[in-house]
Amino acid sequence: MRLVVNGETRDFERASNVAALVETLGLDLRKVAVERNLEIVPRSLYLATGLWDGDRIEIVHFIGGG
């Protein structure tokens, strides 16, 4: 499946939903915000939100610090 992630076109074999994509990218599900095709995906729906070829995904990763 081909997705555009943060402006970069990438191919994924195991990204059937938002949760799987985030895990494939090695990110912590608790520390990201995800937008799919210009709509924010609530964290509670990551497993239920399927991905389709050509979807545009934006992921923001939160980093703590002080």
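Position 1 is the first residue of the sequence; numbering continues from there.
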Between atom [atom1] of [X] and atom [atom2] of [Y], what is the distance when rounded to the nearest 0.5 Å?
X   : Y   : atom1 : atom2 : result
L29 : E23 : CG    : CD    : 5.0 Å
L51 : R36 : CG    : CZ    : 6.5 Å
L38 : E58 : CG    : CD    : 8.5 Å

**Asked** Which heavy-atom pair separates R43 from R30 by the least distance, and what is that distance?
**Response**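 Smallest interatomic distance, heavy atoms only, reads NH2-O, 3.6 Å.
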**Prompt:** Would L21 and I57 satisfy side chain to side chain contact (heavy atoms under 4.5 Å, CB included), going step by step from the backbone distance to the final call?
**Reply:** CA-CA 10 Å; L21 174 63; I57 307 295; 3.9 Å; yes
Review item, side-chain donor-acceptor pairs of residues 12-19, under 3.5 Å, at least two apart:
residue : atom : partner : partner atom : Å
N17     : OD1  : A19     : N            : 3.1
N17     : OD1  : A20     : N            : 2.8
N17     : ND2  : L47     : O            : 3.4

**Message:** For I40, I'd like to know if atom CD1 has over 12 heavy atoms of other residues, nucleotides or ligands within 6.0 Å.
**Reply:**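 No - once you tally the heavy atoms of other residues, nucleotides and ligands closer than 6.0 Å, there are 12 at most.
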**Request:** May I ask you to say whether R2 pairs ionically with D53, meaning some side-chain N is under 4.0 Å from a carboxylate O?
**Result:**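 So R2 does not pair with D53 through a salt bridge.
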**Request:** Look at the side chain of R56 and the backbone N and O of L3, then say whether any donor-acceptor pair between them is shorter than 3.5 Å.
**Result:**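 No, because the side chain of R56 does not come within donor-acceptor range (under 3.5 Å) of the backbone of L3.
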**Request:** Check for a donor-acceptor pair, side chain of D55 on one end and backbone N or O of V4 on the other, with a separation under 3.5 Å.
**Result:**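 Not a single qualifying donor-acceptor pair exists.
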**Message:** When you compare the side chain of T49 with that of V34, does any pair of heavy atoms fall below 4.5 Å?
**Reply:**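 V34 does not reach T49 side chain to side chain.
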**Item:** CA sep, side-chain torsions, deciding dist, call: V32, V60, side chain to side chain contact (heavy atoms under 4.5 Å, CB included)
**Value:** CA-CA 5 Å; V32 297; V60 177; over 6 Å; no
